[in-house]
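We count residues from 1, following the sequence as given. Every heavy atom of this structure was used, including side-chain atoms; hydrogens, water molecules and symmetry mates were not.
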Amino acid sequence: MAPKISKADKKIAYDQKLCQLLDEYTQVLVAAADNVGSTQLQNIRRGLRGDSVVLMGKNTMMKRSIRIHAEKTGNNTILNLIPLLVGNVGLIFTKGDLKEVSEEVAKYKVGAPARVGLVAPIDVIVPPGNTGLDPSQTSFFQVLNIPTKINKGTVEIITPVELIKKGDKVGSSEAAPEVLDLTEDDLIEKFAMGVSMVTSLSLAISYPTLAAAPHMFINAYKNVLAVALETDYSFPQADKVKEYLADPSKFAVTAAPVAAGDSGPAPAAGGGAKEEEKKEEPAEESDDDMGFSLFD
């Protein structure tokens, strides 16, 4: 018969295991374990086996081990776990993708009956419909401000009634579960939207930022160029513009030469008539392409 392990030995073994996991893994999910049965927890452990480890325990013991380990190693980052260890929670240490781990845990989610004192993980809404209660119970619903009507001798709720509202607490060291559903494309889209807003605000109040700097340089160049065109002042980038405005023909596009053997029909017999001279019309210039770059 194996000797019985004392509580002190169990605490020492638990502390060593937690410290080992803190050193080995850099990602931790804090999972609420309210109403989670032993069979359900066992299925979760089996589903995460390979790159994730589920650790349950008393919050006071976990907090103490984390504080002592942070002092020994100097890794103060793990102290962010302490404020999250509230209520019935467990730690999931993983080396995989957090979103995939969260989705794997969600596969084992099952419904549980509501009990007094529990925190609802979702919104609890009573849908409209027949309650099966007799009309003498209408006063109960009136006190709760629930609209009802009498239908076929029973009380019927007319509109959906929200009983409990789900609330997510978000702090500097924690994030709502919805964050795990974000993809890289969502993050890029939100970042691009933020950059666009910063650029617009910077240009509106003339405050220089990295996002608005290219637009400010282009606008400044346009302003200086406009001054140079109206005055005798000039600079290298403006010389080409002035040259074009002075003599646009210099920038006319010449016609391509006609290839040999493609000179058109021969003159009529007995002719000697001179071939009609064709006057080349200068190509129409585009306002957008004046043959130079802004920074040539």
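Remark: Leu210 CG is loosely packed, at most 12 non-hydrogen atoms of other residues, nucleotides or ligands lying under 6.0 Å away. Counting non-hydrogen atoms of neighbouring residues, nucleotides and ligands closer than 6.0 angstrom, the CD atom of Gln27 exceeds 12 such neighbours.
Listed for the Thr199 side chain is a donor-acceptor partner under 3.5 Å among the backbone atoms of Val195. Remark: the backbone N or O of Gln20 is not paired with any side-chain donor or acceptor of Asp23 at under 3.5 angstrom. Looking only at distances, a side-chain donor or acceptor of Lys242 sits under 3.5 Å from a matching main-chain atom of Ala228. A donor-acceptor pair is defined here as one N or O able to donate and one able to accept, closer than 3.5 Å; no such pair exists between the side chain of Arg45 and the backbone of Val53. Between the side chain of Glu156 and the main chain of Pro128, no donor-acceptor pair closer than 3.5 Å is present.
Residues Leu55 and Leu85 are members of one and the same hydrophobic cluster, defined by side-chain heavy-atom contacts under 4.5 angstrom among Ile, Leu, Val, Met, Phe, Trp and Tyr. By the criterion of side-chain heavy atoms lying less than 4.5 angstrom apart, applied directly or through intervening Ile, Leu, Val, Met, Phe, Trp or Tyr residues, Val227 is not grouped with Tyr221; the two fall into different hydrophobic clusters. One hydrophobic cluster, built from ILVMFWY side chains closer than 4.5 Å, holds both Val30 and Met61. The same ILVMFWY cluster, assembled from side-chain heavy atoms under 4.5 Å apart, contains both Val28 and Val89. Follow the hydrophobic side-chain contacts under 4.5 Å out from Val126 and you reach Leu133 in the same cluster.
Of all heavy-atom pairs between Asn130 and Asn151, the closest is ND2-O, 4.0 Å. Contact between Val155 and Pro135 at its shortest, heavy atoms only, is CG2-CA, 4.0 Å. Closest approach of Pro83 to Asn80, counting heavy atoms only: CD-O, 3.3 Å. The shortest non-hydrogen separation linking Phe235 to Val224 is CE2-CG1, 3.4 Å. The shortest heavy-atom contact between Asp51 and Tyr25 is O-CE2, 3.8 Å. The two residues Thr94 and Gly96 come nearest to each other via the heavy atoms OG1-N, 2.9 Å.
The CD1 atom of Ile92 sits 7.0 Å away from atom CD1 of Ile44, with the distance rounded to the nearest 0.5 Å. Rounded to the nearest 0.5 Å, atoms NZ (Lys240) and OG (Ser234) are 13.5 Å apart. Taken from CE in Met216 to OG in Ser206, the straight-line distance is 6.0 Å, to the nearest 0.5 Å. A distance of 8.5 Å separates CG in Leu201 from OG1 in Thr209, rounded to the nearest 0.5 Å. Interatomic distance, CD1 of Ile78 versus CD1 of Ile66, reported as 6.5 Å (0.5 Å rounding). Taking CE of Met62 as the start and CG of Leu81 as the end, the distance is 9.5 Å to the nearest 0.5 Å.
Hydrophobic cluster membership for Ile125: none, as no Ile, Leu, Val, Met, Phe, Trp or Tyr side chain comes under 4.5 Å of it.
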Distance-only criterion, 3.5 Å: show the donor-acceptor pairs between side-chain atoms of residues 10-19 and protein atoms not counting sequence neighbours.
residue	atom	partner	partner atom	Å
Tyr14	OH	Met56	O	3.2
Asp15	OD1	Ser65	OG	2.7

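Under the 4.5 Å side-chain criterion, counting only non-hydrogen atoms from C-beta, Thr60 is not in contact with Arg64. Residues Phe93 and Leu29 form no side-chain contact, since every pair of their non-hydrogen atoms from C-beta on lies 4.5 Å or further apart. Side-chain atoms of Ile157 and Thr131, non-hydrogen and from C-beta on, do get closer than 4.5 Å to each other.
Listed by chain and residue number, Ala70, Leu79 satisfy the side chain to side chain contact (heavy atoms under 4.5 Å, CB included) test with Asn76 (two or more places apart in sequence, or in another chain). Evaluation of the salt bridge (charged side-chain N to carboxylate O under 4.0 Å, His left out) rule for Glu104 yields Lys107 as partners, not counting sequence neighbours. Residues passing the side chain to side chain donor-acceptor pair (under 3.5 Å) test with Asn59, sequence neighbours excluded: none.
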#### Entry: Worked check of side-chain contact (heavy atoms from CB on, under 4.5 Å) between Leu91 and Val54
CA-CA 6 Å; Leu91 300 178; Val54 180; over 6 Å; no
### Task
Would you please test Val241 and Leu229 for side-chain contact (heavy atoms from CB on, under 4.5 Å) and show each step?
CA-CA 8 Å; Val241 180; Leu229 294 178; 3.8 Å; yes
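Residue pairs that meet the salt bridge (Lys or Arg N to Asp or Glu O under 4.0 Å) test with at least one member in residues 85-98, sequence neighbours left out, are Glu24-Lys95.
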